[in-house]
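Data block below; observations after.
We count ligands from 1, going down the list as the structure has it; atoms in each ligand are counted the same way. Here, residue 1 is the first one in the sequence, and each next residue gets the next number.
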Amino acid sequence: MTSHIACRISPVAKKLYLQFTSCLFLILLVGCSSQPLYKDTQVMMGTFVEVISPDKEAAAIVFNEVKRIEKLLSKYDPESEISQLNKFGKLKVSPETFFVLSKSCLFWKQTNGAFDVTVGPLLDVWGFTDKNYKLPDKSKIKEALRSVGSDKIVLNEVDSVVEFNSPGVKVDLGAIAKGFAVDCAVEKLKEAGIKSCLVNAGGQIYCLGKRFGKPWRVVIQNPRGPGSKGSFDLIDQAVATSGDYESYFEVSGKRYMHIFDPRTGYPADNEVMCVTVIAPDGLTADALATAMMVMGKEKSDSLIKQYPGVIVRIVEKNA
Ligand code: ADP
Ligand code: MG
């Protein structure tokens, strides 16, 4: 009945970890066999990357791969391809970066602009980039909106050159990069012959195989209090949650969160508190969860029909 958990988290990281997990998922490890289950966590991509597996080697494989993807896609690393693209407005990129940008543009089309990785200038003017949160003037929002819109990204498949056709465009892959990194890590685990592992990058989770013959159980915690908002038993599936509690500030009792409606320039403001998406891959789960925070329940329900094999659970603020 007992599970051996090899856990290496520094005291500071542990405190942060508790803060993070308190508003995301709880991964139930009870009821497993007497075989050891190794758990390791590292801070990466601005969050905690957690690996749970009966295989001791799994964590190192995941961390190496997530680090590699972070080096390509992070807007906070001045050397990354995304930072260079944002700086110069044109860059020949790696297949990974090209793939994520292509997928991002596809989600932009499918969500009628609700999912838009060119939200960078909006995050800047609202102070989310440097955590110096503020309510900007309408004129500043209007100005930022001039550089927003994924139709400003030109993708050249022949030579993998990406170009912006308008000044001031800034790509921010915060809504999709972690899901993609999880997918890449899972590929590396498979190549290494690892058949059982859970990878959690700040709420973007992939459940590879089974946990001692049973599905992995992931519980959605109630973001506003005790109790849960449901649980899922998953095998070879991804699950992601986006919510209004991850990063926000309040002015006169009103909450302004980090997910923007790129058409208005304001943080998404509807009845939705959090969205959980189960999908065959992490990238899709991550992107759709963010998009649906913007779209609201009704439009999300109709979008989901385009994605066979995808399951969505939306928790509304008044639920
Ligand atoms: P988190 O990464 O906090 O778990 P999400 O996956 O929902 O949550 O991503 C939120 C991030 O996505 C924001 O911090 C910002 O970088 C970016 N973002 C905000 N609004 C949008 C949007 N409408 N479309 C695409 N990306 C967005
Ligand atoms: Mg997302």
Side-chain angles (χ1 to χ4, degrees), residues 19-21 23-25 44-50 66 70 73-76 82 86 100-101 103-131 133 144-145 148-150 153 169-183 200-206 220 223 238-249 256-270 272-279 281-296 299-300 303 310 312 314:
Q19 284 172 3
F20 271 87
T21 49
C23 53
L24 294 169
F25 294 111
M44 282 173 186
M45 300 187 95
T47 188
F48 287 88
V49 177
E50 180 182 33
V66 173
E70 182 179 19
L73 305 182
S74 169
K75 73 168 184 178
Y76 294 102
I82 288 302
N86 286 342
V100 177
L101 287 171
K103 281 285 201 176
S104 299
C105 290
L106 201 65
F107 283 117
W108 176 74
K109 282 196 190 112
Q110 289 168 342
T111 62
N112 290 320
F115 184 88
D116 192 336
V117 293
T118 64
V119 287
L122 290 172
L123 286 145
D124 290 351
V125 294
W126 284 83
F128 280 95
T129 305
D130 58 5
K131 294 198 165 33
Y133 308 115
L145 275 176
V148 175
S150 288
I153 304 174
V169 177
K170 266 194 198 171
V171 162
D172 177 319
L173 297 177
I176 193 168
K178 290 192 286 294
F180 174 67
V182 167
D183 291 341
N200 176 11
Q204 330 305 318
I205 295 178
Y206 191 90
I220 315 169
V239 56
T241 287
S242 280
D244 67 358
Y245 46 80
E246 303 258 2
S247 172
Y248 65 89
F249 66 96
Y256 298 92
M257 64 154 157
H258 67 320
I259 298 174
F260 282 83
D261 188 329
R263 292 129 340 163
T264 64
Y266 284 78
D269 187 15
N270 53 37
V272 179
M273 179 163 71
C274 68
V275 179
T276 299
V277 176
I278 296 173
D281 63 276
L283 178 143
T284 303
D286 194 358
L288 287 181
T290 307
M292 289 175 178
M293 281 299 296
V294 179
M295 296 169 74
K299 289 200 171 107
S300 299
L303 175 76
V310 170
V312 176
I314 294 178

Examine Ala175 and say whether one of its N/O/S atoms is closer to the Mg ion (ligand 2) than 2.8 Å.
yes

What are the atoms of ligand 1, with element, lying closer than 4.0 Å to any heavy atom of Asp116?
22 (C), 24 (N), 25 (C), 26 (N)

Under 4.5 Å between any side-chain heavy atoms of Phe107 and Ile176, yes or no?
yes

Please round to the nearest 0.5 Å and tell me the distance separating atom CG of Leu101 and atom CG of Leu73.
8.0 Å

Ligand 1 atoms nearer than 4.0 angstrom to some heavy atom of Asp286 are 6 (O)

Close approach, Gln204 and ligand 1, non-hydrogen under 4.0 angstrom
yes

Under 4.0 Å from a heavy atom of Pro262: give me the atoms of ligand 1 that qualify, with their elements.
23 (N)

So the atoms of ligand 1 within less than 4.0 Å of a heavy atom of Phe260 turn out to be 19 (C), 20 (N), 22 (C), 23 (N)

Nearest neighbour of atom 17 (C) of ligand 1 from the list Leu288, Leu122, Asp172, on a heavy-atom basis
Asp172

Is there a side chain to side chain contact (heavy atoms under 4.5 Å, CB included) between Val312 and Leu288? Walk through the geometry before answering.
CA-CA 9 Å; Val312 176; Leu288 287 181; 6.0 Å; no

For Lys178, atoms of ligand 1 separated by under 4.0 Å from a heavy atom:
1 (P), 2 (O)

Report yes if the side chains of Lys170 and Leu123 come closer than 4.5 Å at any heavy-atom pair, otherwise no.
no

State, with a plain yes or no, whether a side-chain heavy atom of Ile259 is found less than 4.5 Å away from one of Asp244.
no

Please identify which atoms of ligand 1 are closer than 4.0 Å to at least one heavy atom of Leu123.
15 (C), 16 (O)

Within 2.8 Å of the Mg ion (ligand 2), is there any N, O or S atom belonging to Gln204?
no

Shortest heavy-atom approach to atom 26 (N) of ligand 1 - which of Ser104, Gly174, Ala175:
Ala175

Is the shortest distance from a heavy atom of Ala114 to ligand 1 less than 4.0 Å?
yes

Are any of the side-chain heavy atoms of Val310 and Val277 separated by less than 4.5 Å?
yes

Below 4.5 Å, heavy atoms only, C-beta onward: do Tyr206 and Asp281 meet side chain to side chain?
no

Measuring from non-hydrogen atoms of Ser247 to any atom of ligand 1, is the shortest distance under 4.0 Å?
no

Could you check if a side-chain atom of Val275 sits within less than 4.5 angstrom of a side-chain atom of Ser300, using non-hydrogen atoms only?
no

Taking the N/O/S atoms of Asp286 one by one, which is nearest to the Mg ion (ligand 2)?
OD1

Ring-ring centroid check Phe128 Tyr133, cutoff 6.0 Å:
yes

